[in-house]
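Worksheet for the structure shown next.
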Amino acid sequence: MALTGRIALVTGGAQGIGRAISEALLREGAKVALVDSNPEVARECRGRLEEAFGVGSSLFFECDVTDWAKLQEVFRKTVKHFGHLDIAINNAGINNEKDWQKTINVNLTSLIKGTYLALEHMSRENGKDGGVIINVSSMAAFMHSPHMPVYTATKYGVLGFTKAMAEASAVGNFGVRINVLCPAYVDTPLLQTIDEEDKMGRYFKYKEELRQSMHTYGILDPSLIADGMMMIIKDGSLNGAVMKITASKGIHFQNDEPMSA
Ligand SMILES: NC(=O)C1=CN([C@@H]2O[C@H](COP(=O)(O)OP(=O)(O)OC[C@H]3O[C@@H](n4cnc5c(N)ncnc54)[C@H](O)[C@@H]3O)[C@@H](O)[C@H]2O)C=CC1
Ligand SMILES: CCCCCC(=O)/C=C/[C@H]1[C@H](O)CC(=O)[C@@H]1CCCCCCC(=O)O
């Protein structure tokens, strides 16, 4: 998919991985709707992006992805403003083992809703022209840790949901490629949550072990995750792909064992 004139929507787009992919998309001539619940980071991000890529290349929506009505409105306004939607990246995610139900609501429930909204505006089922969806899981879906059990559960859920939706899209001829991306540790503010007792709750006492895990496995730059996302966006053959990104192997894919009869 060449990106000039393509329209992307990125949740959690104002910081970290979401900001990295938003910048990468803008550099390649796409237009981006950034959806984020944090007005401060969004304001700073907007200033930088408009300075670098011009006013009008991006839209900013202050929206908590758990607010269903607002999320519907954001998708609707994006399509109304730009005319169509080609790329949806469900990236927004948190780590909060204390308020673990919020973690499920942001990381999984709202990602499911974001996927369905993207299909509403992209699927051939609805007379649209197709597109690509990237859902962000984690290597926590392959190497669980005792420190973040609910975060881990949400990332397992994102993996399974996305693989199933890719199959549904193929069977239903949606014309939408649906893929999942599983990074290891990435150098973003999310990692600071391991030092916050109000986020780690009962698992706060394990923070040194988590630090050691980060040291063992390394911490990736967000730009590498953006590179992986761009690969998925540009490779029209990818549907149902599970992209892993680690320090040891870089960008690579999970090869599923064939289903046995
Ligand atoms: N940083 C890491 O080590 C890894 C992160 N991931 C995943 O990557 C995704 C992005 O994470 P990071 O960029 O690291 O986090 P981050 O905390 O740096 O950025 C997340 C962005 O999402 C926004 N956000 C959070 N909750 C929101 C909500 N309810 N509605 C709208 N926006 C919301 C935040 O305001 C922030 O701008 C998450 O799904 C995370 O689970 C996966 C593997 C590793
Ligand atoms: C602190 C909140 C952000 C958590 C980021 C994340 O998703 C971390 C995942 C780790 C999980 O909690 C336990 C792990 O071991 C995950 C990292 C695994 C890295 C594997 C690298 C393997 C390799 O390099 O071959």
Side-chain angles (χ1 to χ4, degrees), residues 9-22 34-45 60-68 70-71 74 89-97 99 102-111 113-114 134-159 180-196 199-200 203-204 206-207 209-226 228-229 243-252 254:
L9 184 147
V10 182
T11 68
Q15 181 178 277
I17 293 168
R19 176 164 177 172
I21 186 57
S22 296
L34 292 91
V35 180
D36 207 294
S37 58
N38 185 324
E40 287 74 36
V41 292
R43 194 174 303 115
E44 187 275 333
C45 180
F60 280 80
F61 294 102
E62 184 178 340
C63 166
D64 182 329
V65 293
T66 66
D67 180 338
W68 173 234
K70 184 69 177 172
L71 191 60
V74 160
I89 300 177
N90 292 300
N91 163 76
I94 64 172
N95 171 50
N96 191 328
E97 293 294 335
D99 186 353
K102 180 179 179 184
T103 301
I104 293 171
N105 200 5
V106 174
N107 295 12
L108 184 56
T109 306
S110 301
L111 180 139
K113 290 176 177 177
I134 300 175
N135 288 338
V136 181
S137 174
S138 160
M139 282 300 292
F142 297 97
M143 298 178 73
H144 58 275
S145 76
H147 322 96
M148 300 180 282
V150 174
Y151 177 88
T152 300
T154 66
K155 296 305 180 179
Y156 267 83
V158 168
L159 178 65
V180 63
L181 189 139
C182 304
Y185 295 110
V186 186
D187 185 14
T188 75
L190 184 66
L191 290 191
Q192 290 160 20
T193 58
I194 71 165
D195 292 319
E196 298 169 26
K199 298 291 190 325
M200 294 301 289
Y203 306 103
F204 181 65
Y206 298 146
K207 73 174 193 174
E209 282 184 34
L210 260 176
R211 283 257 170 255
Q212 183 53 48
S213 171
M214 292 175 184
H215 180 72
T216 302
Y217 294 123
I219 298 179
L220 305 167
D221 190 278
S223 62
L224 182 63
I225 315 309
M229 289 181 173
M243 178 182 277
K244 294 175 169 180
I245 306 181
T246 64
S248 62
K249 295 177 188 159
I251 296 171
H252 61 293
Q254 168 79 7

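Read the numbers this way: they start at 1 and go in the same order the structure lists the ligands and their atoms. For reference, positions follow the sequence shown, starting with 1. In this text, all values refer to a predicted model and were calculated from it rather than measured experimentally.
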Ligand 1 versus [X], non-hydrogen atoms closer than 4.0 Å: side chain, backbone, both, neither?
X: Cys63; value: backbone
X: Leu191; value: side chain
X: Ala42; value: neither
X: Ile17; value: both

Worksheet item: Any N or O of Tyr151 that comes nearer than 3.5 Å to an N or O of ligand 2?
Response: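 It does: an N or O of Tyr151 is found under 3.5 Å from an N or O of ligand 2.
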
Worksheet item: Should Ser138 be counted as touching ligand 2, given the test is an N or O pair under 3.5 Å?
Response: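 So ligand 2 has an N or O lying under 3.5 Å from an N or O of Ser138.
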
Starting from [atom], which protein heavy atom do you reach first, and at what distance in Å?
atom: atom 1 (C) of ligand 2; value: Ile194 CG2, 3.5 Å
atom: atom 21 (C) of ligand 2; value: Tyr217 CD2, 3.6 Å
atom: atom 3 (C) of ligand 2; value: Leu190 CD2, 3.7 Å
atom: atom 6 (N) of ligand 1; value: Tyr151 OH, 3.6 Å
atom: atom 29 (N) of ligand 1; value: Asp64 OD1, 2.9 Å
atom: atom 34 (C) of ligand 1; value: Asp36 OD1, 3.4 Å
atom: atom 44 (C) of ligand 1; value: Ala184 O, 3.0 Å
atom: atom 7 (C) of ligand 1; value: Val136 CG1, 3.7 Å
atom: atom 8 (C) of ligand 2; value: Tyr185 CE2, 3.6 Å
atom: atom 19 (C) of ligand 2; value: Ala184 CB, 3.6 Å
atom: atom 10 (C) of ligand 1; value: Asn91 OD1, 3.1 Å
atom: atom 18 (O) of ligand 1; value: Gln15 NE2, 3.1 Å
atom: atom 23 (C) of ligand 2; value: Ser248 OG, 3.0 Å
atom: atom 11 (O) of ligand 1; value: Leu190 CD2, 4.1 Å
atom: atom 13 (C) of ligand 2; value: Met143 O, 3.0 Å

Discussion item. Pair Asn95, Met200 - check side chain to side chain contact (heavy atoms under 4.5 Å, CB included), show working.
Written reply: CA-CA 8 Å; Asn95 171 50; Met200 294 301 289; 3.4 Å; yes

Worksheet item: Should Thr188 and Gln15 be marked as a side chain to side chain contact (heavy atoms under 4.5 Å, CB included) after you check the CA-CA gap, both sets of side-chain angles, and the distance that decides it?
Response: CA-CA 8 Å; Thr188 75; Gln15 181 178 277; 6.0 Å; no

As an exercise, identify every atom of ligand 1 less than 4.0 angstrom from a heavy atom of [X].
X: Gly93; value: 38 (C), 39 (O)
X: Tyr185; value: 3 (O)
X: Val106; value: 29 (N)
X: Ile94; value: 25 (C), 26 (N)

Give yes or no for whether the N/O distance cutoff of 3.5 Å, strictly under, is met between [X] and ligand 1.
X: Ser37; result: yes
X: Ala14; result: no
X: Lys155; result: yes

Practice prompt. Give the atoms of ligand 2, by number and element, whose distance to some non-hydrogen atom of Thr246 is under 4.0 Å.
Written response: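 Those of ligand 2 that fall under 4.0 Å from Thr246 are 21 (C), 23 (C), 24 (O).
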
Worksheet item: What atoms in ligand 2 come closer than 4.0 Å to a heavy atom of Met148?
Response: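 Answer, ordered by atom number: 1 (C), 2 (C), 4 (C), 12 (O).
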
Fill in: Interatomic spacing from CD1 in Ile104 to NZ in Lys102 - rounded to 0.5 Å
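Here the rounded value is 13.5 Å.
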
Discussion item. Using heavy atoms and a 4.0 Å limit, tell me yes or no: is Lys249 in contact with ligand 2?
Written reply: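 So Lys249 does not count as touching ligand 2.
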
Worksheet item: Under 3.5 Å, is there a donor-acceptor pair between the Tyr185 and Ser213 side chains?
Response: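 On atom types as modelled, these side chains qualify, holding a pair under 3.5 Å.
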
Worksheet item: Is ligand 1 less than 4.0 angstrom away from at least one heavy atom of Ser137?
Response: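 Yes, Ser137 has a heavy atom closer than 4.0 Å to ligand 1.
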
Item to complete: With heavy atoms only and a cut-off of under 4.0 Å, state how Lys155 meets ligand 2: side chain, backbone, both or neither.
Response: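 Under 4.0 Å from ligand 2, Lys155 contributes no heavy atoms.
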
